[in-house]
Amino acid sequence: SQQGEEDPQALSIQEGENATMNCSYKTSINNLQWYRQNSGRGLVHLILIRSNEREKHSGRLRVTLDTSKKSSSLLITASRAADTASYFCATDDQYSGGYQKVTFGTGTKLQVIP
Amino acid sequence: DAGVIQSPRHEVTEMGQEVTLRCKPISGHDYLFWYRQTMMRGLELLIYFNNNVPIDDSGMPEDRFSAKMPNASFSTLKIQPSEPRDSAVYFCASSDGGASTEAFFGQGTRLTVV
């Protein structure tokens with residue numbers, strides 16, 4: 001079963017605007033990752049944030065993590081048409097007896113209009 | 001490294017036929033994951049291996065599905081017999097640290113069972 005759920009399911013913005021998408025999950029985690037998937041392609045890793053971190057930056061990406069609310073957000077600043085893709089959060093399961101199992105959320109489909 | 005390589009990219013087969021999907025992980029990676037992606041169910045983890053040993057196959061939908069990893073550079077996912085509801089995109093991914101590091105995805109195999 002999927003651990004994370006992204007919100008919104010779809011987002012359409014103008015080039016240059018910021019895009020924010022959220023992820024909520026159910027159980028305690030060790031870390032949370034965000035991936036991007038362009039249409040018809042495999043997933044590409046964007047950023048990993050550990051459970052003891054609250055915020056992380058990578059280029060135009062900013063990720064926050066609130067473990068008390070079991071939620072994370074991904075902010076893409078100054079969006080570009082090339083950012084058009086689906087974005088997924090992925091979480092591990094902290095209480096799975098040492099498993100290295102990663103489950104993906106439902107994804108947010110982002111469209112950036114030139 | 002060329003990344004994770006999957007073959008074939010597309011497969012169309014008739015119901016009841018055996019289907020074999022292939023994956024070559026990135027050299028040196030000790031984790032290999034098989035995922036299935038559909039519109040209805042999103043991205044589901046089917047099975048993963050650590051050092052060529054299957055660790056968790058709880059996501060394999062039924063006995064018609066089997067996966068092997070005979071060596072560190074090759075894995076197969078077999079469906080026998082195939083059914084129309086198996087139609088999906090199947091992804092292979094590898095990593096060098098399980099859930100605590102990024103996973104590298106292949107381009108996927110789009111399977112259509114008619």
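Everything numeric here is computed off the predicted structure, so don't read it as measured data. Side chains included, hydrogens not; waters and symmetry mates left out as well; all remaining heavy atoms used. Each chain gets a letter, A, B and so on, in the order its sequence line appears, and its residues count up from 1.
Neither the backbone nor the side chain of B:Ala93 comes within contact range of chain A; no heavy atom of the residue lies under 4.5 Å from a heavy atom of that chain. Of the two parts of B:Phe104, neither the backbone nor the side chain holds a non-hydrogen atom closer than 4.5 Å to a non-hydrogen atom of chain A. Both the backbone and the side chain of A:Leu43 come within less than 4.5 Å of a heavy atom of chain B. With a 4.5 Å cut-off on non-hydrogen atoms, B:Ser58 touches chain A through its side chain but not through its backbone. Using a 4.5 Å cut-off between heavy atoms, B:Gln37 touches chain A through its side chain atoms alone.
The backbone N or O of A:Val102 lies less than 3.5 Å from no partner atom in the side chain of B:Tyr48, so there is not a single donor-acceptor pair.
Taking OG1 from A:Thr103 and CG from B:Leu45, the interatomic distance works out to 8.0 Å, rounded to the nearest 0.5 Å. To the nearest 0.5 Å, atom CZ of residue B:Phe105 and atom OH of residue A:Tyr35 are 5.5 Å apart. To the nearest 0.5 Å, atom CD of residue B:Glu102 and atom CG of residue A:Leu46 are 9.5 Å apart.
In the displayed structure, B:Asp63 atom CG is contacted under 6.0 Å by at most 12 heavy atoms of other residues, nucleotides or ligands. Within a 6.0 Å sphere centred on CD of B:Gln80, other residues, nucleotides and ligands contribute more than 12 heavy atoms. By the 6.0 Å contact criterion, CZ on A:Arg54 is enclosed, its count of non-hydrogen atoms from other residues, nucleotides or ligands being greater than 12. By the 6.0 Å contact criterion, NZ on A:Lys56 is enclosed, its count of non-hydrogen atoms from other residues, nucleotides or ligands being greater than 12. By the neighbour-count criterion of 12 heavy atoms within 6.0 Å, atom CZ of A:Arg41 is sparsely surrounded, having that number or fewer from other residues, nucleotides or ligands. A 6.0 Å sphere centred on CD of B:Glu62 holds more than 12 heavy atoms belonging to other residues, nucleotides or ligands. The environment of B:Arg110 atom CZ is sparse: at most 12 non-hydrogen atoms of other residues, nucleotides or ligands sit within 6.0 angstrom.
Scanning all heavy atoms of the two residues, the minimum distance from A:Gln37 to B:Phe91 falls at NE2-CZ, 3.4 Å.
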